[in-house]
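Written below as structure tokens is the structure these notes are about.
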Number of protein chains: 2
Amino acid sequence: MQNPIRLTVDAVVFGYDAGKISVLLVKRKYEPFQDAWALPGGFVSEDENLEEAVTRELLEETGVSINYLEQLYTFGKLGRDTRGRVVSVAYFGLVKPAAFRIKAATDAKETSWFDIQKLPRLAFDHDKILKIAIERLRGKIIYEPIGFELLDKKFPFSDLEKLYTTLLGREIDRRNFRKKILSLKVLDELDEKVSQGPGRPASLFSFNKERYFKLKAEGIIFEI
Amino acid sequence: MQNPIRLTVDAVVFGYDAGKISVLLVKRKYEPFQDAWALPGGFVSEDENLEEAVTRELLEETGVSINYLEQLYTFGKLGRDTRGRVVSVAYFGLVKPAAFRIKAATDAKETSWFDIQKLPRLAFDHDKILKIAIERLRGKIIYEPIGFELLDKKFPFSDLEKLYTTLLGREIDRRNFRKKILSLKVLDELDEKVSQGPGRPASLFSFNKERYFKLKAEGIIFEI
DNA sequence: GCAAAAGTGTTACAATTACACCCATGT
DNA sequence: ACATGGGTGTAATTGTAACACTTTTGC
């Protein structure tokens, strides 16, 4: 009477640091695809919500705690998993550089960040899932302010600019970009500056979520 | 070892006719929610793809064959189904008026179209699913030419205009709208006219998919 | 004092909006 | 001939894109 379809969740978690977009992968300990890199994830248990399952798997497998998570797509094609019929609900997550750096010290856990330009061969159909996630990231950055989820709470404007340059894959005009972003009134300029290396120190900004949601409710839409 | 989560698919199928957006619902024959209206759908069998399952269920329950179908969202919250843990992959579909009219003759099948402004109480969490589908329809119509999937193959321009007026919920300027759509070069004007009632007869247009895909590949984006 | 990154304004061009009259048909 | 819906152009405004120099710091 029960159908024997099993349900998993997988997470595509992106991080950004120093001009590179990276994705979090884990090395599989067991067959199938033993020792292959794969997206973190696993079977959903009967008494947990899907989001709970992803969050749990992520924490268990990678120690990373997420600050933005949304559902990506559900993959259910016959034959996508060699263990039988397995349907996977994939999620899309973003973390701030802090999480990113923590990992660099705990590499031994078979967890690693990979530059999305230099990906290894992946288990199952995880290459497809990742491809769709990258498209979503690129598409979404343009009309929703998710970029801020990839930056520290306080960031110099140039970080935001570099992030967009990287994600869009083209140069953007600094003056026009600044004008546009500031005109949206969702950034607070702090009374704080940073100077990394030579050059004029930069003011720090922070993203004002309340302001954003207020504007969104009024129908004002974020768009780059 | 198997987890006892069961998987269903549900379809939110929209149709458009005479200035009204309608959704296809079925009346449930069995418990739970016997005699309540619900989205067409049902359990996925082990040897079929998710899309196959939706298409099959739709055909079985409503006789409607779909011409646009995409995955909407996966609903997996605990307690959403009184029969135990059931996760549902919802799909979003559009049909042309032909399918719409056919149904009007076969009402006895416990299948009916409902104006989305006048919905009955729905079974399970189908009201939530439908709400998300309506948002998707509204959002998507602006930057992808899915509107054409709701019209006959050949249609007068005013049909398209009325459809957009309905979906956007506001008046649009006929001249500007026409200019914009025609400038996208995805409509073919046919050597054919229709006149329904009094007034000047209207030229018929058809949507040129090949042209659209070609333009899309070149990076030219449809946007209203 | 010079190299390096931050910060700023103006002008040309493109896109969007607002707006009103003539045309072809049915009755 | 008149009521009804189809079809068209222009001007004002707004938004986008292009473009280069000054400022503040570290070395």
Side-chain angles (χ1 to χ4, degrees), chain A residues 17-19 141-143 145 147 151-152 154-166 168-206 215 218-224, chain B residues 17-19 141-143 145 147 151-152 154-166 168-206 215 218-224:
Chain A
D17 198 34
I141 198 95
I142 295 165
Y143 59 90
L151 299 176
D152 284 314
K154 302 170 179 185
F155 54 88
F157 209 92
S158 57
D159 274 17
L160 188 64
E161 193 198 325
K162 258 178 244 151
L163 170 62
Y164 272 84
T165 305
T166 306
L168 300 175
R170 58 179 164 85
E171 292 303 309
I172 48 185
D173 184 279
R174 186 148 39 104
R175 286 164 291 188
N176 292 339
F177 182 72
R178 198 182 171 106
K179 240 183 297 175
K180 196 157 190 177
I181 298 283
L182 291 182
S183 74
L184 298 169
K185 312 252 184 219
V186 292
L187 291 192
D188 294 329
E189 184 166 2
L190 308 174
D191 284 334
E192 220 175 319
K193 292 179 189 288
V194 272
S195 63
Q196 305 125 306
R200 180 171 172 172
S203 290
L204 290 177
F205 289 83
S206 69
L215 288 170
E218 289 166 10
I220 287 111
I221 288 157
F222 180 93
E223 197 177 328
I224 295 302
Chain B
D17 198 33
I141 198 96
I142 295 166
Y143 58 90
L151 299 177
D152 283 314
K154 304 170 177 184
F155 54 88
F157 208 92
S158 57
D159 274 17
L160 188 64
E161 194 198 325
K162 258 177 246 152
L163 170 61
Y164 272 83
T165 306
T166 307
L168 299 176
R170 58 180 163 85
E171 291 305 306
I172 48 186
D173 184 278
R174 187 149 39 107
R175 284 164 293 188
N176 293 339
F177 182 72
R178 198 180 171 108
K179 240 183 295 175
K180 194 155 191 180
I181 298 284
L182 292 180
S183 74
L184 299 169
K185 311 249 184 223
V186 293
L187 290 193
D188 294 330
E189 185 166 1
L190 309 174
D191 284 335
E192 220 175 318
K193 291 179 191 289
V194 272
S195 62
Q196 306 125 306
R200 180 172 172 174
S203 290
L204 290 177
F205 289 83
S206 69
L215 288 170
E218 289 167 10
I220 287 111
I221 289 157
F222 179 94
E223 199 177 328
I224 297 301

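So you know, we letter chains A, B, ... as the sequences are listed, proteins then strands, and number each from 1.
- Atom-to-atom, CZ of Phe177(B) to P of dG7(D) comes out at 13 Å; the value is rounded to the nearest Å.
- Atom CD of Glu218(B) is surrounded by more than 12 heavy atoms from other residues, nucleotides or ligands within 6.0 Å.
- For an aromatic pair to be called close, the ring centres must be under 6.0 Å apart, and Phe177(B) with Tyr164(B) satisfies this.
- Panel note: side chain Asp152(B), backbone Lys154(B); no donor-acceptor pair is recorded below 3.5 Å.
- In this structure, Lys179(A) reaches the bases: a heavy-atom distance under 4.0 Å links it to at least one base atom across the strands shown.
- Taking CG from Leu163(A) and CG from Leu168(A), the interatomic distance works out to 8.5 Å, rounded to the nearest 0.5 Å.
- For the OP1/OP2 pair of dA5(C) and a distance below 4.0 Å, the side-chain nitrogens and oxygens of Ser195(A) include no atom meeting the criterion.
- Below the 3.5 angstrom threshold, one finds no donor paired with an acceptor across the side chain of Lys193(A) and the base of dT23(D).
- Distance CG (Asp173(B)) to C1' (dT17(C)): 8 Å, rounded to an integer number of Å.
- Distances shown here put every side-chain N or O of Arg175(B) at or beyond 4.0 Å from the OP1 or OP2 atom of dG9(D).
- The side chain of Asn176(A) lies closest to dA17(D), out of dA17(D), dA24(C), dA6(C).
- Look at CZ on Arg174(B): it is 18 Å from P on dT17(C), rounded to the nearest Å.
- Residues Ser158(B) and Gly197(A) each lie close to DNA chain D; by heavy-atom proximity, the contact nearer the 5' end of the strand is made by Ser158(B).
- Side-chain N/O atoms of Ser203(B) include one lying less than 4.0 angstrom from OP1 or OP2 on dG7(D).
- In terms of position on DNA chain D, the residue among Gly199(A) and Glu161(B) whose nearest nucleotide sits closer to the 5' end is Glu161(B).
- Residue Ile224(A) contributes atom CD1, which lies 13 Å from atom C1' of dT16(D) at whole-angstrom precision.
- Distances were taken from every side-chain heavy atom of Arg200(A) (C-beta onward) to each of dG7(C), dC19(C), dG9(C); the shortest belongs to dG7(C).
- Rounded to whole Å, the distance from CZ on Phe157(B) to P on dG5(D) is 18 Å.
- Atom C1' of nucleotide dA15(C) and atom CD of Glu223(A) are separated by 13 Å, given to the nearest angstrom.
- Between the CG atom of Leu160(B) and the C1' atom of dG7(D) there is a distance of 15 Å, rounded to whole Å.
- One interatomic measurement links the two molecules: CD of Glu189(A) to P of dG7(C), which rounds to 7 Å at whole-angstrom precision.
- The closest side-chain heavy-atom distance from Leu204(A) to Pro156(A) is below 4.5 Å.
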